[in-house]
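Not measured: the values here are computed from a predicted model.
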Amino acid sequence: VAAAAAAPAVTDAEKIEKIEAEIARVNAKIKDVEEEIAKQKENIEAKGAELKNAPEESRAALQAQKEQMEDDLRDMRKLLVEKENQLTEKEKQHTILLTPAAAQAGPSAAWGPITLRG
């Protein structure tokens, strides 16, 4: 019986470890995307400055490049939101696994059945 009771704890510990690793990966991806966003902002600003100083005949092409860069930036921001949502979900799973079973079941599980006297 003791071995049977210990087995689920190992499984939960393994699940917790796996989720913590996933959280770390998602956090790393979020950091990567944030860095890409910062670089893209700098590139857009540089393209804007280039556009101001460009001769009339090359402005249309530069403007199209700048608009594409802005579209890419929006896509990066969407990816960032997706990763943040993924992180939130993993953190919820982590919290659930760390919460003792009695607390998950609610107070009535810890106190036993409630009988009303009439």
Name the atoms and distances for all side-chain donor-acceptor pairs under 3.5 Å in residues 30-48, with sequence neighbours left out.
| unit_1 | atom_1 | unit_2 | atom_2 | d |
| --- | --- | --- | --- | --- |
| Q40 | NE2 | M69 | O | 2.9 |
| N43 | ND2 | K39 | O | 3.4 |
| K47 | NZ | Q65 | OE1 | 2.7 |

Using distance only, find each side-chain donor-acceptor pair of residues 53-61 under 3.5 Å and give its atom names and separation, not counting sequence neighbours.
| unit_1 | atom_1 | unit_2 | atom_2 | d |
| --- | --- | --- | --- | --- |
| N53 | ND2 | A49 | O | 3.3 |
| E56 | OE1 | R59 | NH1 | 3.4 |
| S58 | OG | P55 | O | 3.2 |
| R59 | NE | L51 | O | 3.4 |
| R59 | NE | A54 | O | 3.1 |
| R59 | NH2 | K52 | O | 3.3 |
| R59 | NH2 | A54 | O | 3.3 |

Residues 82-90 side chain polar contacts: donor-acceptor under 3.5 Å, at least two apart:
| unit_1 | atom_1 | unit_2 | atom_2 | d |
| --- | --- | --- | --- | --- |
| K83 | NZ | Q86 | OE1 | 3.3 |
| N85 | ND2 | V81 | O | 3.4 |
| T88 | OG1 | E84 | O | 3.0 |
| K90 | NZ | E22 | OE1 | 2.5 |

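Residues forming a side-chain contact (heavy atoms from CB on, under 4.5 Å) with D71 (at least two apart in sequence, or on another chain): Q68, R74. Qualifying side chain to side chain donor-acceptor pair (under 3.5 Å) partners for E50, counting only residues two or more places apart in sequence or in other chains: none. Under the salt bridge (charged side-chain N to carboxylate O under 4.0 Å, His left out) criterion, E17 pairs with no residue at all, not counting sequence neighbours.
Remark: of the listed residues K15, E20, K18, E20 is the sole one forming a side chain to side chain donor-acceptor pair (under 3.5 Å) with H94.
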